[in-house]
Colleague: 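Submitted below is the structure of interest, expressed as structure tokens.
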2 protein chains.
Amino acid sequence: METQRTSGDRRIEAVVKTLDVLEALWRAEGAGVTAVTERTGLAKSTVHAHLRTLRSKGYVVQEGDEYRLSLRFLSFGEYVKHAEPLYEAAATPSADLSDRTGERVLCSTEQHGLGTIIQARDGNRSVTSDIDVGTPTYLHCSAGGKVMLAHFDDEKVERIVDDWGLPAFTEETITDRETLFEELESIRDAGIAYNRSEYVPGISAIGAPIMDNDETVYGAIAVSGPQHRLENEWDVDELRNQLLSAANTIEVNLMFS
Amino acid sequence: METQRTSGDRRIEAVVKTLDVLEALWRAEGAGVTAVTERTGLAKSTVHAHLRTLRSKGYVVQEGDEYRLSLRFLSFGEYVKHAEPLYEAAATPSADLSDRTGERVLCSTEQHGLGTIIQARDGNRSVTSDIDVGTPTYLHCSAGGKVMLAHFDDEKVERIVDDWGLPAFTEETITDRETLFEELESIRDAGIAYNRSEYVPGISAIGAPIMDNDETVYGAIAVSGPQHRLENEWDVDELRNQLLSAANTIEVNLMFS
DNA sequence: TAAAGTTGTTCCGCTCGATTGAACGCAGTG
DNA sequence: CACTGCGTTCAATCGAGCGGAACAACTTTA
């Protein structure tokens, strides 16, 4: 997960390495020294030194020969969650929408070019997904992500694409800039965005923006479900209205926080 | 938050400093360079270099002149939360208990000598508290903490006290080892632990252990409320039974996970 | 309006420490 | 008993983390 390095980017290598180690532990959901070594490309002794340091500060726990992220990250995680206004503001509207539609509702916001799911609510027939609260997501291949991109200024979109590229996840993923910008244009016109199996095959979604005022976009809310159900069973106008209504409720909530 | 450094503790200074910076940002709930400098005692340029590195890796966001922890920590936090079996296992029993008692229910576990709240449920009349999910807590001054200490072997308790000391928070806090060990003895006999305003004045609690099998303690569940209510209004035997019942339910849940 | 005091940021040299390959101890295994 | 996997330790060296001082962009004060 490399990202935005602008001009004067003299970085502290040891810090970069430690973060890589933490990220490897996270991805692997716990791992031994050699597993981390393979994932990071660092020397085994280096990894060991970092793990030892992280352990001594309580950020990593060792159980037998396996290292895992410690509960220290729980305090950080809960803090950033509650510090994000969208979390409270979107709680009930998201739950209502998933109740009404029976589908999975995801509420996300953008940070340094990636989306992060802030709220995830399951409906009574929603499909399970590996996307959950906290999951970082690419913006170009999700309904919520595209709807946010559509309301950023072009240079910001350019910068994000420069930083993260347009990796393909399915056949449908948009992988070139021109198509993306055309799509963003039509999203601005329509007021909502579609994700047609662009990230996970067979999973589609519809997303609406959450605007701060009428100028800047704060985040997005999206209904996600099996492609056939969203395309065939659903009354698109009805769903669109419910989505926009939920988004609007969140916007109002945001004004009182 | 220094902690367990055992024998060969050659630590990576740069990593220690970065973690201190992150912790300062967390405590301050966002801060500028100089504020972090004051909290950490590092040089301003050093803090700046660390913040720049953390930002470039997406762990910190900069808004104007203020740096904050990024949503990156949300993924870590959600991961460790769900990786902890107690989180799922304690969800409904904790909610039930807070419904029944109307008081705040806290479920915690131990890691590197500190407790961490895994579940926090409010009852219909529970007092607000700065203790919430993710909050690290000293073990010697909380009901849940003491009940865990009571089921650790003595050497582990000694080590924890060595590492963290017995800082006083109120007049009632236990601050010497002898009293602590006597208390732990009586907790083992009684099967439950009391916190009589030992951490926050006027707030008391009753805690029960969550045992893995009949040998090792996995965590603790506690009911917390205003001292006078828990001491006067409540039928202690009744509360004790409800507590132990909830703990037992959690233990059963843990066996199927 | 200018001066004085903030802040965040950059620069650069010094030396201290992060890094790594190799060696070690200790398991399990054929 | 050799062999292979692991986590851990060690020592040497070269690179990079560090902090003082200077700078820039502000706001506050006289």
Side-chain angles (χ1 to χ4, degrees), chain A residues 2-70 112, chain B residues 2-70 112:
Chain A
E2 288 300 314
T3 171
Q4 54 191 43
R5 316 212 239 147
T6 46
S7 51
D9 54 345
R10 182 110 235 101
R11 303 201 292 179
I12 300 176
E13 301 296 315
V15 172
V16 173
K17 292 192 173 111
T18 273
L19 296 174
D20 287 343
V21 167
L22 287 175
E23 201 160 311
L25 281 185
W26 170 62
R27 293 202 119 84
E29 307 197 353
V33 176
T34 36
V36 175
T37 301
E38 285 161 7
R39 282 169 178 264
T40 55
L42 301 171
K44 201 163 54 160
S45 52
T46 305
V47 169
H48 183 71
H50 280 268
L51 287 173
R52 185 172 47 198
T53 309
L54 290 166
R55 171 165 53 93
S56 86
K57 293 284 288 179
Y59 287 80
V60 153
V61 288
Q62 184 180 15
E63 213 160 279
D65 278 351
E66 188 178 275
Y67 291 86
R68 290 184 295 108
L69 298 185
S70 85
H112 58 92
Chain B
E2 290 298 314
T3 172
Q4 54 189 41
R5 319 212 237 146
T6 45
S7 50
D9 54 347
R10 182 112 234 101
R11 303 201 291 179
I12 300 175
E13 300 298 314
V15 172
V16 173
K17 293 191 172 110
T18 271
L19 296 174
D20 287 343
V21 168
L22 288 175
E23 201 159 314
L25 281 185
W26 170 63
R27 294 201 117 86
E29 308 197 353
V33 177
T34 36
V36 174
T37 301
E38 284 160 9
R39 282 171 179 263
T40 56
L42 301 170
K44 203 162 54 158
S45 54
T46 306
V47 170
H48 183 71
H50 280 266
L51 286 173
R52 184 171 49 198
T53 308
L54 290 166
R55 171 166 53 94
S56 85
K57 293 286 286 182
Y59 287 81
V60 154
V61 288
Q62 184 180 16
E63 214 159 280
D65 278 351
E66 188 178 275
Y67 291 87
R68 290 184 295 108
L69 299 185
S70 84
H112 59 91

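In what follows, every heavy atom counts, from backbone to side chain, and hydrogens, waters and symmetry copies are set aside. Each chain gets a letter, A, B and so on, in the order the sequences are listed, and its residues count up from 1.
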Colleague: Could you tell me how far apart A:Glu38 (CD) and D:dG5 (P) are, to the nearest whole angstrom?
Modeller: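 Checked: the CD to P distance equals 11 Å.
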
Colleague: To the nearest Å, how far apart are B:Lys17 NZ and D:dG17 P?
Modeller: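 Taking atom P of D:dG17 as the reference, NZ of B:Lys17 is at 11 Å.
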
Colleague: Could you tell me whether the side chain of B:Lys57 reaches within less than 4.5 Å of the side chain of A:Asp20, counting heavy atoms only?
Modeller: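 Yes, at least one pair of side-chain atoms sits under 4.5 Å.
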
Colleague: Hey, mind stepping through A:Glu66 and A:Arg68 against side chain to side chain contact (heavy atoms under 4.5 Å, CB included) and telling me if it holds?
Modeller: CA-CA 7 Å; A:Glu66 188 178 275; A:Arg68 290 184 295 108; 3.5 Å; yes

Colleague: Want to settle it: does A:Ala14 or A:Gln62 sit nearer the 5' end of DNA chain D, counting the closest nucleotide to each?
Modeller: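 Final value for this comparison: A:Gln62.
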
Colleague: Output the rounded distance in Å from NE2 (A:His48) to C1' (D:dC10).
Modeller: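 A:His48 atom NE2 is separated from D:dC10 atom C1' by 12 Å.
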
Colleague: Which whole-number value in Å describes the distance from B:Glu63 CD to C:dG8 C1'?
Modeller: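 It works out to 16 Å between those atoms.
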
Colleague: Mind checking whether B:Leu25 and B:Val60 have side chains closer than 4.5 Å, heavy atoms only?
Modeller: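 Yes; the side chains approach each other to less than 4.5 Å.
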
Colleague: Look at B:Arg52 and C:dT10 and indicate whether a side-chain polar atom (N or O) is within less than 4.0 Å of OP1 or OP2.
Modeller: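 Answer yes for this pair, as a side-chain N or O of B:Arg52 is under 4.0 Å from OP1 or OP2.
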
Colleague: Taking only side-chain nitrogens and oxygens of A:Tyr67, does any of them come within less than 4.0 Å of OP1 or OP2 of D:dC6?
Modeller: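 Indeed not, no polar side-chain atom of A:Tyr67 lies that close.
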
Colleague: What is the distance, rounded to the nearest whole Å, between atom NE2 of B:His50 and atom P of D:dA16?
Modeller: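 Taking NE2 of B:His50 and P of D:dA16, I get 15 Å after rounding.
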
Colleague: Starting at CG of A:Leu54, measure out to CG of A:Leu22 and round the result to the nearest 0.5 Å.
Modeller: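 A:Leu54 atom CG to A:Leu22 atom CG measures 5.0 Å (nearest 0.5 Å).
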
Colleague: Whole angstroms only, please: what is the CD1-P distance between A:Ile12 and C:dA18?
Modeller: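 It works out to 11 Å between those atoms.
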
Colleague: Starting from P on D:dG17, measure out to CZ on B:Arg11 and report it in whole angstrom.
Modeller: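 To the nearest whole Å, that distance equals 18 Å.
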
Colleague: Please check if any side-chain donor atom of B:Ser56 sits under 3.5 Å from a side-chain acceptor atom of A:Arg11, or the reverse.
Modeller: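 Note: B:Ser56 and A:Arg11 side chains meet the donor-acceptor criterion.
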
Colleague: I need the CG-C1' distance between B:Leu51 and D:dG19, as an integer number of Å.
Modeller: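 Going from CG in B:Leu51 over to C1' in D:dG19 covers 16 Å.
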
Colleague: Generate the contact string for nucleotides 21-30 of chain C. Rules: B means base contact, S means sugar-phosphate contact only, - means no protein heavy atom under 4.0 Å.
Modeller: B---------

Colleague: A:Thr46 and side-chain contact (heavy atoms from CB on, under 4.5 Å): which partner among A:His48, A:Lys44, A:His50?
Modeller: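 Of the listed options, the one satisfying the test is A:His50.
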
Colleague: List the atom pairs, with distances to 0.1 Å, where a side-chain N or O of residues 31-40 of chain A and a protein N or O form a donor-acceptor pair under 3.5 Å, not counting sequence neighbours.
Modeller:
residue: A:Thr37; atom: OG1; partner: A:Val33; partner atom: O; Å: 2.8
residue: A:Thr40; atom: OG1; partner: A:Val36; partner atom: O; Å: 2.7
residue: A:Thr40; atom: OG1; partner: A:Leu42; partner atom: N; Å: 3.4

